[in-house]
Every structure is written in C-alpha cells, then in structure tokens.
Amino acid sequence: MNLSLHLSTDNVSFTEIDLFPNQVLNYDAEFYDDKDITKVKLPFSTDIKIPLSSANKLFFGYDPLSDDVSSYPKSDYFYRIYIDNTDQTELYGILKVEEFEYNSDEPYITVSLKDFLSRFMSELKDLKIGDILTDSFHTTRHEISDFFDTTANGGEAGTIGTQPDVNRIVNFPYIDLNNDVEKYGFSKRQFTEYGSGTKRPGIIPSLSVKEYLKQIGTYLSTSSIPVRVKSKLFGINETEAIPDFESEKLQVVLPGNLQAKQDVNTRKFSLLRASRQSGRNESLSSETDIDGNNKVHSTNYFGSYASFGNFSSTPSTTYQKFGIKRALNAFFGEDTQGEAGYFCPNISFDGRIQWFNGNDSNPSGNITLNIPTLKEDRFVYKLFPQNGNTDMKFAVYMDLYEDGYPKKRIRLEDSNGAPIVLAAQDATAVAGDSEKSTPVFTNALGPDHSIKYTALFGLLSQEKPAILDSTRQLDYSDALQWSSEDLYLPENEFLETTFFGDSRYGFNLFVEPISGSIFAETITAFAPVNASGNIVNNVINLNHFRSNASANAIYGVNDLRKVVTEMAGTTLNIECKANKDFIPYFPSDEYIIKDSLNNTVEFGPQELLSKICKRFACGLFYEFDGSFHNLIIDPIHLLRTSTVSIDDSVDDLKSIKIFRPKDLYKNLSVSNEDFGLFFDDEDDNGRTIGSTIQELNTDGVDDLEIKLESSVFFKSLCGDVYFESGENVVQGIISEEQAGVVRNVPPIVSEMGTRFAYLNPPSNETNILVPFCITYISRANLNTTTQRIYRTMFADGTLVEQPNHVFNGELSHVSSAGFNLLAEDEVGTTTDYYDLISSAEFVKAKSSVGVEFSMVVLTHEVDNVSFMLNKSTLSYINNQKVLIKSVSGEVFEKYTYLDVKGIIE
Amino acid sequence: MSYEIKTVIAQELAPNFSNIRLLNNGTIDFPSSTFSFQDQDIVHVRYKSGNFRKGIYLLAAVRDSGTSFTFDSNVYPFDATVLAANVLGASVYRASGFTKISQIDFNVEVAHGLFSNEYKKYSTSKDFTLSINAENKRFFDSFDDYAYEGKMVIADFCNDYAYGIALRDNNYGLIKNVFNTKILFNVATR
C-alpha cells in the first residue's frame with residue numbers, strides 16, 4: 001500500500017518519515033468502555049513499526065547506539081497519514097514512540113498511533129480544576145465587597161425571583177450546609193466558617209456543567225489545533241436532544257470553597273517570649289518519692305508545668321483585628337497549668353511560624369539553663385561541666401501551644417541547617433536564680449524561684465526554707481551558661497500548621513538535655529537550725545534547714561527533671577502568619593476565583609469530566625470535521641441518528657455470527673455515592689438517596705451495578721444531627737443564635753462529594769455571619785476563657801455590617817421542566833434520569849444479542865467517527881439494526897477490511 | 001540479450017539539477033545542467049506527487065546529437081504534471097565496470113483482495129522482482145560486494161531501461177563459494 005507518514009512537534013511543520021516497503025496499516029477502533037472513558041479508541045488506533053533509519057533517528061533525535069537514554073523521545077508527536085487512494089484519505093492524530101528494537105537484521109521503531117482524545121486527556125490530566133478558566137474575570141482579583149454585588153455588575157449576587165445567568169461558568173449559589181432551611185424555613189444565614197477549622201467553609205462554588213465543558217474545548221484549542229466540544233445531551237454546538245434536561249441550568253457542586261488572598265488582610269498574630277521558660281518541668285513538690293519514701297527535700301520552683309504563653313511587661317487583654325490578645329507579665333499563668341497569656345484568632349487559617357522580625361535567625365543572647373535539683377531530691381550545689389565524666393548534650397526547642405497543650409515542637413538549627421547541639425563541656429557553671437542562700441521562700445524574681453524544703457522533724461513534716469550552709473553559699477553553681485547562638489528556624493514544612501479560630505496560642509523557647517551525663521555535687525542531708533543558725537531539736541525554734549552533707553555523682557538525661565531556660569536575646573518573639581489563602585472574613589478581603597478552585601478542589605478537569613461522563617452515561621469521541629477537532633461528549637445512543645444499509649459492504653464469503661448476550665443481568669442498579677452526609681441516607685436503609693434497582697431481565701442472574709462517583713444535591717449537605725450547644729449557651733450567658741448552634745454538623749468540605757443539581761432563582765436574602773471570639777471584656781460571666789460567637793460580617797475599623805446577601809440561585813435536584821436527577825424519586829418511581837441511564841448503549845449491550853461479521857468500507861469513511869455512529873442494517877440478519885461496538889482490520893488504500901463486533905438493537 | 005549489473009558510484013548533484021523537468025514525451029530534461037553525462041549513466045530522479053514521494057530510474061544515452069534519457073514506464077508510471085519545484089533531486093550512478101549477465105527474468109506479482117460472493121475487489125498490489133542466473137558466479141571475492149552495498153542499480157541495455165534493485169534473499173545457496181540458484185532482487189518502484 002502506498003502511504004506516507006508525516007510527523008510534527010507543533011502540528012504546523014511536518015516531516016515525512018521513512019517507512020518499510022509495503023507498509024501495513026492496521027485499523028483498530030473501539031466505541032466504548034464502561035469502565036474507563038480514557039480507553040475509548042476512536043476513530044483510530046494502532047501500532048506500526050518503522051525502520052530505524054538514519055533519517056528517522058535524526059527526526060526523533062535519538063540513536064540508541066550513540067545517544068544517552070535521556071534523549072529518548074518521550075513527547076507526543078502530531079501525525080498525518082496520507083493514503084494514496086482516489087479519495088486521498090488523511091488520518092490525523094498523536095504518535096508516541098513506544099520502543100526501539102535494534103541489534104537485529106531489521107532494526108525498527110515501534111510507534112503507536114492514537115487519536116487526539118489521548119492528547120486531550122493528557123493535556124487535562126495534571127491540571128487543577130480552575131486552570132482552564134483563562135478569562136480575566138476568573139483570574140483577577142475582586143474584593144469580597146464586590147462579591148455581594150449582582151452578577152450583572154461583576155459580583156456574585158443574584159436577584160430574588162430571577163433565574164441566574166446561565167452563561168456563567170462558576171457560580172456561588174446558596175448551599176445549605178447545616179440543615180438551616182429545615183430549621184428556619186428559608187436560607188436565613190450562612191457562616192463563612194462553620195465550627196472551627198479551615199475545612200468547614202461556608203461559601204461553596206458550583207460549575208455550570210455545560211459552560212465548563214465548553215470551556216474545556218476553548219482551553220484545548222490553539223491556533224494550529226482548533227478544538228471545540230460538541231454534545232447533544234448538553235446542547236453544546238448541537239441542538240439539545242432532551243429539552244427537559246435543561247442543561248443550561250445543570251450545575252455540579254464542587255467540594256471546594258471561596259478563599260481570600262493571603263496577602264490582603266493577612267491573618268497573623270504575634271507571641272512575645274518570657275525571659276525564662278521551661279520545657280521539661282516535672283512536679284517535684286511531693287514530700288515523698290514515687291515509692292512512698294521521704295525525700296531529702298521537695299520544691300515548687302517554677303511550678304510543675306511547662307511554661308508558655310504571650311508575655312508583656314504591660315499585661316493587657318484586647319480585641320485585635322484578628323482575635324483576642326491576652327498578654328501577661330509572668331513566667332507562667334494565672335492558673336497552675338503554665339499558660340501565661342495567649343492569642344485567640346477569630347477565624348482559622350493555615351500559616352507558619354516565623355521570627356517576629358522576619359529574620360531567618362536571631363541571636364539567643366547568653367543561654368542559662370537552671371538545674372536547681374537532680375533526680376527527685378538532689379539539691380544541686382555544684383555542676384562540673386568540664387569534668388571528665390561530663391558529656392551531656394542539649395538541644396534548643398520551640399513549642400507552640402494550643403488551648404494549653406503542646407501542638408507543635410520545633411527544633412532550632414544553626415546556619416548550616418543542622419540541629420543546634422549545646423555541649424555541657426562548652427558551658428560555664430554559674431549560680432542559678434533559685435533561692436539557695438537566704439532562708440526565705442521568695443527571692444528577687446518572685447515566689448516561683450524559691451526552694452521549699454520539707455523533712456521529718458520527729459513525726460511531723462515542716463515547710464521551712466532550705467539553704468546552703470555559709471561555707472557553700474558564695475560559690476554554688478547550679479546552672480550552665482553558653483554564649484549566644486544564632487537560632488535558625490527549620491524548613492517551612494516544620495513550621496506550618498493550621499491555626500484554629502477560638503483556640504488559644506502561646507509558645508515557649510527552651511533547652512533540654514538529649515544525651516550524655518553530667519557530674520555534680522548535691523546536698524544529701526539538711527540540718528534543722530534556728531534563726532541564728534544553731535541546730536535545734538524542737539519545732540518551736542525551727543527557722544530553716546541548712547545543708548550539712550553532700551556527695552558527688554554522675555547524672556543522666558532522665559535525672560534532669562526540672563530545668564528552666566533563660567535567654568538574654570531580645571528578638572526571640574514569633575509571629576504566626578497565614579501563608580496560604582484563607583476563608584473570607586472582611587469585606588475588604590480579596591479573592592481570585594481560579595485560585596480558590598485550585599486551592600480547595602482536590603481533582604482536576606479530567607476527573608470531573610469522568611464524573612460527568614459516568615453520571616450521564618456519556619462517551620468521549622473525537623472527530624475532525626475539516627475545521628475543528630471536535631471533542632464529542634454524549635451518550636452513544638443520542639448520536640446514532642442515521643441508518644444505512646451495509647449489504648454491499650458485508651463480506652458474505654465469511655460466516656456471520658450471532659450470539660446470546662454475554663452478561664445477562666437480572667437487575668440494573670444505579671447508585672449514587674454515599675459520602676456519609678445526613679441526607680445521603682436519611683432513613684439509614686443502606687441505599688443512597690436517588691439510587692434505584694430495576695429489573696432488566698427476568699432470566700438474568702447477577703445485577704449490573706453502576707456506581708456513580710458522585711451524587712445529587714438533596715435538601716442540604718449537612719452531616720449528622722448535632723445536639724450540643726455549649727456551656728455558656730446552656731447557662732444563658734450567650735444565646736443559641738449568637739453561638740451559631742446548628743441542627744446538623746456541617747461537612748468537611750473535601751469530604752462532601754461532587755454533587756449535581758439544578759440552579760433555580762434565589763428566593764430570599766441571607767445573613768452572612770463571621771466568627772468572633774469574646775472574653776470577659778464583653779461577657780464578664782463567661783464560663784470559659786473565650787467563647788466564639790457569630791456576628792454579621794463587618795468592615796474592619798468602621799465595624800459597618802454587611803447587608804444581607806442574595807446568593808446567586810438555590811439548588812434543587814429537579815429542573816424547572818421536571819427532569820429529576822434522582823434515579824428514583826421520593827415515592828420510589830423511576831425518573832427521566834433513570835430512563836437516560838437505562839437507555840445507555842453499554843446497558844443495552846449487556847442484554848442484547850451480539851453479532852460479528854466482516855465488511856469492507858471505503859477508507860475515507862473510517863477517518864472520522866460518523867461511520868461507526870450509523871445504525872447499520874443488513875439482510876443477513878433480517879434487516880435489523882446493528883450497533884457497531886468495535887472494529888479491527890487492515891487498510892488497503894481505497895478500502896479497509898474490517899472485522900466488526902456489535903449488538904443487534 | 002545483454003544485461004549488466006553496475007556497482008555504485010553515486011554523486012548527489014541536486015544543485016545542478018534544480019530545474020529538472022519531466023517531459024510529456026516520457027523523457028526528462030536537464031536544461032541548465034552543467035554536469036557531463038556519460039553514456040550508460042543511470043539517473044535516479046526523485047520527485048514529490050501530492051504528499052507522496054516517487055522516483056524514476058533512467059538510462060542516459062550520450063550521442064553526438066545530444067543526451068537522452070529513457071525509462072521503463074511500466075515500472076515507473078510517468079507523471080508529467082509534476083512541477084519542477086516538486087523535483088526533490090537526482091543521483092547519478094556511473095559504473096566502474098560491468099558484470100555481464102546472459103539472462104534476466106523480470107517478474108510481476110499482482111495480488112487482489114476480494115470479498116463477498118460477488119468477488120468484489122478491495123485491494124490490488126503489484127510487486128516487481130527480477131532474477132539473474134548464477135552463471136557460476138562466486139560469492140566471496142566477487143558478489144559479496146553487492147550484498148553490502150547501500151544501493152544497487154541494474155541497466156538493461158537491450159531495452160535501455162534502468163532499475164533500482166535490492167537483494168531479496170538473505171540466504172544464498174553456495175557450493176564451494178559458487179551460487180547454485182538464481183539470485184533474486186526486488187525492484188524499487190520509486
């Protein structure tokens with residue numbers, strides 16, 4: 001056969017490729033695959049071998065004998081095949097280089113020829129859902145205040161009683177997320193954030209299925225490859241096949257949300273460090289050890305918890321732009337759990353921790369680590385860091401606390417990115433700040449720095465100060481001191497976290513031992529003395545205790561149970577700052593629709609296309625009509641509109657085979673996916689809303705199950721029923737409305753699934769509510785440290801409230817013309833949607849008689865999809881209509897010989 | 001009849017042959033050529049017809065009256081509509097010596113693809129082959145030069161035709177280094 005193969009990298013400039021003599025060209029096409037739409041092979045697919053000639057190696061830029069394998073041609077090539085027949089047939093598509101086989105008599109390259117569908121799918125594969133939205137409206141910034149303007153004015157608001165503009169690709173309709181419509185009878189309110197966390201937002205987008213599909217064609221189109229989408233079902237460049245379907249109103253609700261850009265009104269708060277903080281700080285205040293034995297001494301030095309918080313020399317509690325700031329002039333807090341101040345953000349955001357001054361590093365200043373006692377009751381007299389038995393190592397940590405509990409531990413690093421290791425041998429032993437010289441329970445730093453000694457005096461324990469005797473008071477050294485280190489924060493991934501609205505945040509910066517031993521001299525006994533320092537033998541004259549025996553020993557990491565870190569640096573405060581886009585809060589926030597979709601929706605256009613095809617039984621087909629590369633998205637049965645006789649084409653030299661359905665199914669089961677939301681299975685009967693099972697064949701055995709990877713919007717996307725309202729609501733300190741009490745749990749946005757719905761006119765206004773945290777300033781009798789309430793969105797600074805918003809439409813599972821997206825309605829009757837699915841050819845194929853025969857067609861007829869879309873009649877099967885499912889054969893210039901498989905309608 | 005196989009001396013002379021013209025009388029014209037053809041030169045002209053590459057092998061006859069070229073139109077259908085711009089180039093093969101052959105058998109294989117009880121034709125293929133008698137030719141030290149050549153042409157001085165050819169078999173039956181069967185060639189049709 002005389003044919004030529006031309007390749008191009010840009011579909012503009014083509015190069016003819018060497019072929020073998022009498023090159024054979026097979027033809028392989030398959031109509032549909034109900035498992036994977038990407039496996040459809042239309043109109044043409046085959047592999048051929050071409051010679052590994054010099055010219056071909058030059059074109060592909062790769063010679064396996066001499067080139068590095070990195071040069072292997074992995075990209076797609078555009079191909080054109082010209083067949084030298086009277087019709088001058090041309091085939092177009094995409095070529096991939098599959099393999100080189102050489103070191104043989106006839107070295108060759110195997111290439112696969114596919115249609116453009118594979119290229120289209122490949123181009124869509126790694127895109128995010130918003131990437132195909134290339135127009136400026138979707139890619140430029142808008143203010144949230146603009147969002148509340150009407151769509152006609154460039155906003156996102158609808159008009160009560162008016163059908164929303166059906167030509168918009170992205171819409172923001174009212175979507176009930178907590179069963180409010182059932183509670184209030186209308187869409188009374190919408191929270192920008194439900195509960196606490198960035199995963200429960202309130203402004204959810206939907207896409208117009210029709211407009212998004214059209215946009216896919218626009219996105220794929222280039223000057224050299226003009227692409228358009230065609231669909232009879234969705235009425236795209238074709239007349240809509242099912243008018244009641246109202247494709248222009250069909251939406252798909254995305255599991256994503258509107259986001260505000262992180263560089264405007266950037267959510268952030270700072271936390272100031274106290275000069276002394278502890279990480280490891282066990283309770284040593286008990287007078288007996290863990291085995292019940294009397295201890296030599298006990299201590300309440302620096303409390304019994306890690307100390308953290310938000311320090312200030314001027315204590316205050318203030319409402320800030322992004323939340324409540326409480327700052328304390330204390331090393332640990334008002335309660336006994338170490339929290340000394342906090343910041344409580346109003347709304348959640350994803351962010352990172354950084355130094356407040358924005359530097360990569362900050363100097364620690366001298367680092368002093370107080371080790372007042374070892375084990376449970378080894379009152380430290382002297383540490384010996386340079387002793388040969390000392391090799392202890394220490395690390396520097398930062399802990400971020402959330403609601404009083406450590407949330408994230410960060411190990412600080414040096415300038416090389418290595419974790420900082422402080423060696424005891426590099427430290428100087430100095431006197432710490434606990435009180436060991438004067439017989440009082442307080443010292444200059446406050447009561448937290450005293451050592452309390454308790455011993456049995458007779459049978460009675462006595463709380464009296466314990467100090468060193470006069471010979472030791474001047475030279476004790478119970479702390480290690482290092483010179484300043486530059487403290488670097490690690491890579492971003494270790495600093496990133498979600499900051500939850502209504503949670504309290506504080507931090508600490510401290511040194512902890514990580515390995516080795518330290519040699520120390522500790523007090524092993526105290527003597528009771530009177531105020532003059534003389535030993536006494538009765539309680540009445542007892543004034544304090546004085547050391548009178550000591551011992552040297554080696555102590556390990558676990559023996560340092562209470563250590564307090566002091567850093568002299570003055571720039572060690574931190575800032576917690578949003579580093580990703582966040583949930584809108586202020587009218588002055590800004591948003592970009594494309595970014596919002598890309599950031600929050602976890603799948604892309606290809607997966608959405610797959611969901612759409614699966615739900616509406618569509619196949620994907622390709623056809624070049626001379627002007628456009630058409631991506632056809634339709635159920636096949638809607639495309640089979642012509643009937644032709646193929647009697648003259650059938651090869652009746654060969655037998656014709658007719659056979660029973662290979663899979664005779666009893667029932668057709670259509671199942672929406674259960675995403676675990678309340679209305680997915682309201683009556684908990686195991687059948688997802690809108691699913692159905694209908695009999696196909698009484699003689700069948702198994703069921704044909706169509707499991708849709710999506711569902712339908714039905715009433716609300718709320719979760720389970722929720723009864724809790726909170727302590728302050730129960731006691732009447734705040735109201736249910738203020739607390740934003742919901743009847744059902746709102747969904748986690750990424751888990752609420754992809755849902756199809758119709759967009760109907762909005763019927764009322766909705767109050768847009770934002771979370772706001774209060775404390776005793778506004779409610780003195782609160783039972784909790786803070787309380788989150790909801791208030792109407794307000795402008796930063798002016799506090800002007802946002803008027804009610806008219807969402808751009810409401811969702812329903814039924815079109816205004818009555819097309820019901822549920823396969824079975826609420827009373828169990830099948831719907832138009834079920835009729836559409838049950839009419840799908842891959843369903844019919846399961847119960848239809850199959851047929852196989854051979855035929856010869858003009859080659860120019862198989863260069864497009866039209867030939868296969870015909871319903872074919874032939875007298876050998878009583879002129880009944882054959883629906884071709886697949887063909888394979890060989891091209892012979894003007895004619896192509898095909899083995900055909902199909903079903904008889 | 002006398003046939004001769006010529007060994008290859010190929011010269012790419014496309015610059016001089018940029019305006020080759022195929023003439024209606026079935027010959028070819030090199031109007032502005034400065035190349036000095038010699039008698040019995042074999043010329044391979046390559047041209048493009050639509051999206052397909054085609055070619056003709058011609059035999060040059062240099063006479064006092066001028067140089068003429070002839071070719072076998074049965075193997076190389078003449079296309080007088082090809083524009084000079086579509087002529088891709090030409091190569092000249094000049095023999096350094098001749099191997100005389102007493103007999104050459106030219107064979108045409110025509111295959112038809114038929115379907116239906118009407119025996120309707122859906123494909124036709126035509127392949128040309130030729131064979132030469134072994135004539136006690138030795139393989140090593142003689143014929144193996146041809147086996148490794150990148151290009152082979154054959155001239156038929158009885159009919160004044162020329163063909164591009166390629167050895168058809170990989171396996172040559174030899175007895176004491178002498179062919180014992182005919183030697184088969186495929187005939188290039190372009």
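No hydrogens, no waters, no symmetry mates; every other heavy atom, side chains included, goes into these values. This one's a predicted model, so the numbers in the text were calculated from it and none came from an experiment. Just so we're on the same page: letters track the sequence lines, and every chain starts at 1.
At a 4.5 Å heavy-atom cutoff, the contact between B:K121 and chain A is made by backbone atoms alone. Of the two parts of A:T896, neither the backbone nor the side chain holds a non-hydrogen atom closer than 4.5 Å to a non-hydrogen atom of chain B. For chain A, the nearby part of B:D127 is the side chain; its heavy atoms alone come within less than 4.5 Å.
Taken from CG in A:L653 to NZ in B:K120, the straight-line distance is 10.5 Å, to the nearest 0.5 Å. In this structure, B:T124 OG1 and A:K894 NZ are separated by 11.0 Å, a value rounded to the nearest 0.5 Å.
Side-chain rings of A:Y897 and B:Y122 approach one another, their centers coming within less than 6.0 Å.
The neighbour count for A:F659 CZ, taken as heavy atoms of other residues, nucleotides or ligands under 6.0 Å away, is above 12. Around NZ of A:K871, the count of heavy atoms belonging to other residues, nucleotides or ligands within 6.0 Å exceeds 12.
Heavy-atom minimum distance, B:F115 versus A:S649: CE1-O, 3.4 Å. Annotation for A:I83 and B:F52: closest pair C-CZ, 3.5 Å, computed over non-hydrogen atoms.
For A:D899, the side-chain hydrogen bond (donor to acceptor under 3.5 Å, both in side chains) partners two or more places apart in sequence, or in a different chain, are A:S854.
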